[in-house]
Protein chains: 2
Amino acid sequence: MDTGWVRARVQDLERRCREADVPLTHQRRVVFEALLERGDHPTADQLFVDLQEALPGLARATVYRNLEVLTEMGVISRACHPGAVVRYDARLEPHHHLVCLSCGAMVDIVDERLDHLELPSTVEHDFEVRDFRVQLRGTCSRCRERSDEAAP
Amino acid sequence: MDTGWVRARVQDLERRCREADVPLTHQRRVVFEALLERGDHPTADQLFVDLQEALPGLARATVYRNLEVLTEMGVISRACHPGAVVRYDARLEPHHHLVCLSCGAMVDIVDERLDHLELPSTVEHDFEVRDFRVQLRGTCSRCRERSDEAAP
DNA sequence: ATACGTGCAAAGCGTTTGCATTTCT
DNA sequence: AGAAATGCAAACGCTTTGCACGTAT
């Protein structure tokens with residue numbers, strides 16, 4: 001685990017909390033770290049389960065609320081996903097996603113060329129662009145295998 | 001309303017149903033048409049509400065089930081969205097989205113250059129790509145105005 | 001007669017909210 | 001003391017499921 005990277009991000013959070021005058025409670029920090037330490041794009045509930053043994057007594061609502069606070073601060077973001085559950089993403093750098101339309105699995109991909117896209121103008125929609133993501137949508141290997149054995 | 005376009009899509013659905021041996025019930029057809037006739041990316045419930053006056057007695061579950069069937073047939077798709085509700089998209093042609101991270105609004109954008117991206121290889125993930133979408137994420141004008149009046 | 005879609009109601013999850021309590025300043 | 005976050009439980013909203021009924025082959 002690259003702890004140095006996590007520490008840098010936590011320090012960034014500390015700084016932003018100070019600037020925005022948002023108290024950085026123990027729970028807030030731990031929820032943030034738990035998201036950082038997962039490489040994937042978990043739901044609030046998955047993080048709640050992850051944290052239960054480390055923080056007995058932690059309330060599910062606290063996880064939900066803190067993820068929302070962190071999102072509004074801009075230190076994490078909601079991942080765009082085809083499912084009916086909110087997923088969170090701790091990466092701030094430009095990156096993109098492989099999305100399985102069958103099981104919803106989501107994997108980060110990094111690609112220099114994609115990062116430097118010439119974006120279309122959005123003036124006609126009066127839309128302020130913060131960042132962008134490219135989503136490659138299709139079927140992951142696991143789901144392909146499953147459908148193969150269903151119809152061989 | 002461009003009815004010709006809708007008719008062509010419905011004919012495509014008819015053909016695919018015949019090929020796949022999937023019965024095209026009245027409800028199925030009407031749910032599909034209702035999605036086509038909206039320019040946006042509605043939830044199953046929004047479509048259910050839209051259809052209630054045209055089809056009294058229609059069950060909510062029927063709408064949900066048919067949207068799922070249509071998705072599996074590949075004539076519509078789930079839209080990737082940062083919210084906790086499933087949204088559907090009737091467009092099959094390559095296109096992209098403006099997504100408001102504040103209210104979840106989603107607008108189609110068409111851009112030739114984006115359609116011809118050189119995609120990164122996904123062999124290392126053993127992932128089969130069906131299509132791709134570029135999402136420009138940010139804040140729509142309405143939400144910008146709201147936050148302006150909150151903190152002027 | 002069989003298979004399948006539909007309507008209806010209940011159950012199942014994920015998420016939000018209200019409120020008493022605790023924590024921090 | 002006052003403001004704000006937490007824990008807990010209830011409420012809420014979206015989605016799925018089980019079952020009886022209807023429909024089409």
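Each chain gets a letter, A, B and so on, in the order its sequence line appears, and its residues count up from 1.
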Compare the minimum distances between each of [options] and the side chain of [X], then state the nucleotide with the smallest one.
X	options	answer
Tyr64(B)	dT6(C), dT15(D), dT15(C)	dT15(D)
Ala59(A)	dT16(C), dC8(D), dT15(D)	dC8(D)
Ala84(B)	dG7(C), dC19(C), dT15(C)	dT15(C)
Pro23(A)	dC4(C), dA5(D), dT6(C)	dA5(D)
Asn66(B)	dG7(D), dT6(C), dT15(D)	dT6(C)
Arg65(B)	dT15(C), dG7(D), dC8(C)	dC8(C)
Ala61(B)	dC19(C), dA9(C), dT15(D)	dA9(C)

In whole angstrom, what separates [X]'s [atom1] from [N]'s [atom2]?
X	N	atom1	atom2	result
Leu47(A)	dT15(C)	CG	P	11 Å
Glu68(A)	dG14(C)	CD	C1'	14 Å
Leu55(A)	dA5(D)	CG	C1'	14 Å
Leu67(A)	dT16(C)	CG	P	10 Å
Arg87(A)	dG14(C)	CZ	P	10 Å
Leu24(B)	dT6(C)	CG	C1'	15 Å
His81(B)	dT15(D)	NE2	P	12 Å
Leu58(B)	dC8(C)	CG	P	9 Å

Is the shortest side-chain N to carboxylate O distance from [X] to [Y] below 4.0 Å?
X	Y	value
Asp126(A)	Arg144(B)	yes
Asp115(B)	Arg113(B)	no
Glu33(B)	Arg9(B)	no

Would you say a side-chain N or O of [X] is under 4.0 Å from OP1 or OP2 of [N]?
X	N	result
Gln27(A)	dG7(D)	yes
Thr62(A)	dA5(D)	no
Thr25(B)	dC4(C)	no

Subject >> Test item: Gln46(A) side-chain N/O and Thr43(A) main-chain N/O as donor-acceptor pair under 3.5 Å >> reply: yes

Original post:
If we ignore angles and hydrogens, is there a donor and acceptor under 3.5 Å between the side chains of Arg137(A) and Ser77(B)?
Top reply: yes

**OP:** Report the C-alpha distance between Met106(A) and His81(A) in whole Å, list the side-chain angles of each, state the deciding distance to 0.1 Å, and finish with yes or no for side chain to side chain contact (heavy atoms under 4.5 Å, CB included).
**Re:** CA-CA 8 Å; Met106(A) 206 168 166; His81(A) 190 271; 3.6 Å; yes

Within the sub-3.5 Å range, which N or O atoms of nucleotides 23-25 of chain C have a protein N or O partner, and how far apart are they?
none

Original post:
For the ring pair His41(B) and His97(B), is the centre-to-centre distance below 6.0 Å?
Top reply: yes

**OP:** Name the residue closer to the 5' end of DNA chain C, choosing between Arg60(B) and Val22(B) according to the nucleotide with the nearest heavy atom.
**Re:** Val22(B)

Original post:
Under 4.0 angstrom, heavy atoms only, what part of the nucleic acid is Arg28(A) near: base, sugar-phosphate, or nothing?
Top reply: sugar-phosphate

Original post:
Could you go step by step and tell me if Asp89(B) and His95(B) meet the side chain to side chain donor-acceptor pair (under 3.5 Å) rule?
Top reply: CA-CA 11 Å; Asp89(B) 191 337; His95(B) 69 283; 2.9 Å; yes

